[in-house]
There are 2 protein chains.
Amino acid sequence: MKASADRAPFDRAAFDRTVRERLERSGRRYTGGRRSVVEALVESGHPLSISDIEKLRPGLPRSSAYRHLVELQQAGIVRRLSAEDEFSRYELAEDLTEHHHHLVCVSCGRVVDVTPPKSFEIAVTEVLDELATSEGFTVQGHRLDLLGRCASCS
Amino acid sequence: MKASADRAPFDRAAFDRTVRERLERSGRRYTGGRRSVVEALVESGHPLSISDIEKLRPGLPRSSAYRHLVELQQAGIVRRLSAEDEFSRYELAEDLTEHHHHLVCVSCGRVVDVTPPKSFEIAVTEVLDELATSEGFTVQGHRLDLLGRCASCS
DNA sequence: ATAGTACTGAGACTGAGTCTCATTATAGTA
DNA sequence: TACTATAATGAGACTCAGTCTCAGTACTAT
Ligand SMILES: [Mn+2]
Ligand SMILES: [Mn+2]
Ligand SMILES: [Zn+2]
Ligand SMILES: [Zn+2]
């Protein structure tokens, strides 16, 4: 069972429009290099490290890839994940996909998306909001990762 | 309400014995430098960055602090957290304190411990185990952080 | 076309974290 | 206590993921 089996089909045209809008709203163009990075993230469907991106887009210079990722973060298109290992990973912003969580392999670093049922999210959010409020925190969101070993590392 | 209000009182002697045991089990001594790092973590009660540790232990050389943290991780005494910012943070291993989660300030990077009720943990674990199993993952644990702004950054 | 501005690639640079090595402390033994 | 073997330490060189600079290129608008 795929966690996303019941998701609406991906509308590439609408997605492109949104990405372009967000880039332009932050004063940038939707150029070939930026599109190349965004499409690598769309196609792979799971968080990518810089070296993943280099393998998928051999022509793209490292400095450009890093720069694009920063710009895409500022435009709210990409989110950077802090990983267990030393390598950051990047994925599409949640409102371009859907709220989800991660299975993180402590052995190889691979990250897989996973989406719990909505009832779970509601319960989690409620409890956590209360805890945060009691410490004077203003909650913006949460991050829930499962650490373990992936199928091929077991 | 403090999240840890109902925790058993901290037994420093028993704690020291456990730390020494774990270090010796991994072939190391419980020396002054290592004790200095461990006690900084105990006293502060929340995850510390290297620069936090430097401020708390001005005499301790940077290279020694880093080395101690690696050794303490290998001995299962310390856990390294990957943060939102570029700086790792370190805390005592969960079985020396208790299972807990983090409020992470996206503005200043500060991390506060928070402990949800056991019923919450049971529910979370159950749902997550199922999701992980369906992806062929073997779960070792989870990590749940709340991102937001701390009281002084709001 | 021209000007103004954004984008790009090459590579220099930064700094958190690691490694090396010479010196010092410790535990064990006689 | 003296001697030996091994572990620990501090200084600083080093690594390399990530950032910054800058000269050249591509857009965009008029
Ligand atoms: Mn969630
Ligand atoms: Mn938990
Ligand atoms: Zn793996
Ligand atoms: Zn803060």
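The local environment of CD in A/Glu130 is sparse, with at most 12 non-hydrogen atoms from other residues, nucleotides or ligands closer than 6.0 Å.
One can place CG of A/Asp85 at 11 Å from P of D/dA17, the figure rounded to the nearest angstrom. Atom CZ in A/Arg29 sits about 5 Å away from atom P in C/dC7, given to the nearest Å. Rounding to whole angstrom units, OH of residue B/Tyr30 and C1' of C/dA25 are separated by 18 Å. A/Arg80 places its CZ atom 13 Å from the P atom of D/dA17, with the value rounded to the nearest Å. Following rounding to the nearest Å, B/Leu69 (CG) and C/dA16 (P) show an atom-to-atom distance of 15 Å. We find that OH of B/Tyr66 is positioned 7 Å from P of C/dT18, with the value rounded to whole Å. If you take CD of A/Glu54 and P of C/dA10, they are 13 Å apart, rounded to a whole angstrom. Put simply, CZ on B/Arg35 is 17 Å from C1' on D/dT9, counting in whole angstrom units.
Between B/Ser88 and A/Gly59, it is A/Gly59 whose nearest contact on DNA chain C lies nearer the 5' terminus.
Candidate nucleotides C/dA16, D/dG10, C/dG9 were compared by shortest atom distance to the side chain of B/Phe87, and C/dA16 ranks first. Comparing C/dT18, D/dA17, C/dA10 against the side chain of B/Val70 picks out C/dT18 as the nearest. Taking only side-chain atoms of B/Arg34, from C-beta outward, the nucleotide of C/dA16, D/dT9, C/dG17 with the closest atom is D/dT9.
Contact annotation: A/Thr31 does not reach the phosphate of C/dA6 (side-chain N/O to OP1 or OP2, under 4.0 Å). The side chain of A/His68 places an N or O atom within less than 4.0 Å of a non-bridging phosphate oxygen (OP1 or OP2) of C/dT8. The side chain of A/Ser63 places no N or O atom within less than 4.0 Å of a non-bridging phosphate oxygen (OP1 or OP2) of C/dA10. Residue B/Arg28 places at least one side-chain N or O closer than 4.0 Å to OP1 or OP2 of D/dA8.
Between B/Arg28 and the options B/His68, B/Arg34, B/Arg20, a side chain to side chain contact (heavy atoms under 4.5 Å, CB included) holds for only B/Arg34. Partner A/His102 forms a side chain to side chain contact (heavy atoms under 4.5 Å, CB included) with one of A/Leu146, A/Leu147, A/Asp145 and no other, that one being A/Asp145. When each of A/Arg79, A/His46, A/Arg80 is tested with A/Glu91 by the rule side-chain hydrogen bond (donor to acceptor under 3.5 Å, both in side chains), just one qualifies, namely A/Arg79.
In terms of polar N and O atoms assigned as donor or acceptor, the side chain of A/Arg67 never comes within less than 3.5 Å of the base of D/dG18 in a complementary pairing.
The ring of A/His142 has its center closer than 6.0 angstrom to the ring center of A/His101.
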